[in-house]
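Note sheet for the following structure.
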Amino acid sequence: QVQLVESGGGLVQAGGSPRLSCAASGRTVSNYGKGWFRQAPGKEREFVAAISWSGGNAYYADSVKGRFTISRDNAKNTVYLQMNSLKPEDTAVYYCAVARPGGFTTVAGQYDYWGQGTQVTVSS
């Protein structure tokens with residue numbers, strides 16, 4: 001089993017630049033792709049960013065491209081989401097997830113393990 005714990009969320013002013021962290025424990029997942037998703041009130045969970053096991057490749061949702069950066073430190077079993085130029089529409093619960101073996105993807109159904117989420121609220 002894998003446990004994922006997100007941190008770094010909170011109340012942020014528009015234009016702010018918080019960094020989310022997601023620490024994994026239990027089974028080693030340093031060789032698995034990882035991703036970040038978010039869910040705003042009344043909306044479905046949506047893809048935000050994903051990174052390959054090596055960190056050499058990444059995907060981003062169009063809505064965050066150029067503002068968010070996903071990275072990972074396999075020695076610490078941690079994945080990060082640096083968020084810059086936040087907007088009120090970025091308000092959501094942010095979840096990290098570990099992809100199924102073999103790749104990384106934008107599809108939530110291809111992720112096996114999920115964290116409990118961290119709330120990010122952007123005030124205008």
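- A distance-only check finds no donor-acceptor pair linking the side chain of E6 to the backbone of L20 [under 3.5 Å].
- Although no hydrogens or angles enter the test, the distance criterion places no donor-acceptor pair under 3.5 Å between the side chain of Q110 and the main chain of A99.
- A23 meets the side-chain contact (heavy atoms from CB on, under 4.5 Å) test with T78; sequence neighbours excluded.
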Determine whether C22 and W36 satisfy the following criterion, side chain to side chain contact (heavy atoms under 4.5 Å, CB included), listing intermediate values before the conclusion.
CA-CA 9 Å; C22 173; W36 286 95; 3.7 Å; yes
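- Side-chain contact check for N77 and S30: no donor-acceptor pair (N or O, by modelled atom type) lies under 3.5 Å.
- When side chains are defined from C-beta on, T91 counts as touching Q119, because their heavy atoms get closer than 4.5 Å.
- Under the 4.5 Å side-chain heavy-atom criterion for grouping Ile, Leu, Val, Met, Phe, Trp and Tyr, Y95 is not connected to V98 through any hydrophobic cluster.
- Nearest heavy-atom pair across R72 and I51 is NH1-O, 3.8 Å.
- For S85 (side chain) and R67 (main-chain N/O), no donor-acceptor pair under 3.5 Å exists by modelled atom type.
- Taking CZ from R38 and OG1 from T118, the interatomic distance works out to 14.0 Å, rounded to the nearest 0.5 Å.
- L86 CG to T121 OG1: the interatomic distance, rounded to the nearest 0.5 Å, is 10.5 Å.
- The list of ring-ring contact (aromatic ring centres under 6.0 Å, His included) pairs with a residue in residues 55-87, not counting sequence neighbours, reads Y59-F104.
- Not a single donor-acceptor pair under 3.5 Å links the side chain of N74 to the backbone N or O of N31.
- The two residues A14 and S124 have their closest heavy-atom pair at CB-CA, 4.3 Å.
- Residues V93 and F47 are members of one and the same hydrophobic cluster, defined by side-chain heavy-atom contacts under 4.5 angstrom among Ile, Leu, Val, Met, Phe, Trp and Tyr.
- When hydrophobic clusters are built by joining Ile, Leu, Val, Met, Phe, Trp and Tyr residues whose side-chain heavy atoms come closer than 4.5 Å, directly or via intermediates, Y111 is not grouped with Y32.
- At most 12 non-hydrogen atoms from other residues, nucleotides or ligands lie less than 6.0 angstrom from CD of Q116.
- In plain terms, the two heavy atoms of V29 and A24 that are nearest each other are CG2-CB, 3.7 Å.
- Residues P18 and G8 come closest through the heavy atom pair CB-O, 4.2 Å.
- Between L4 and Y113, the shortest heavy-atom contact is CD1-O, 3.5 Å.
- Contact check on K87 versus D90 returns no salt bridge, with no Lys/Arg side-chain nitrogen under 4.0 Å from an Asp/Glu carboxylate oxygen.
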The test is side chain to side chain contact (heavy atoms under 4.5 Å, CB included); show your working for V48 and M83 and say whether it passes.
CA-CA 11 Å; V48 175; M83 304 187 292; over 6 Å; no
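- Closest approach of A49 to L81, counting heavy atoms only: CB-CD1, 4.2 Å.
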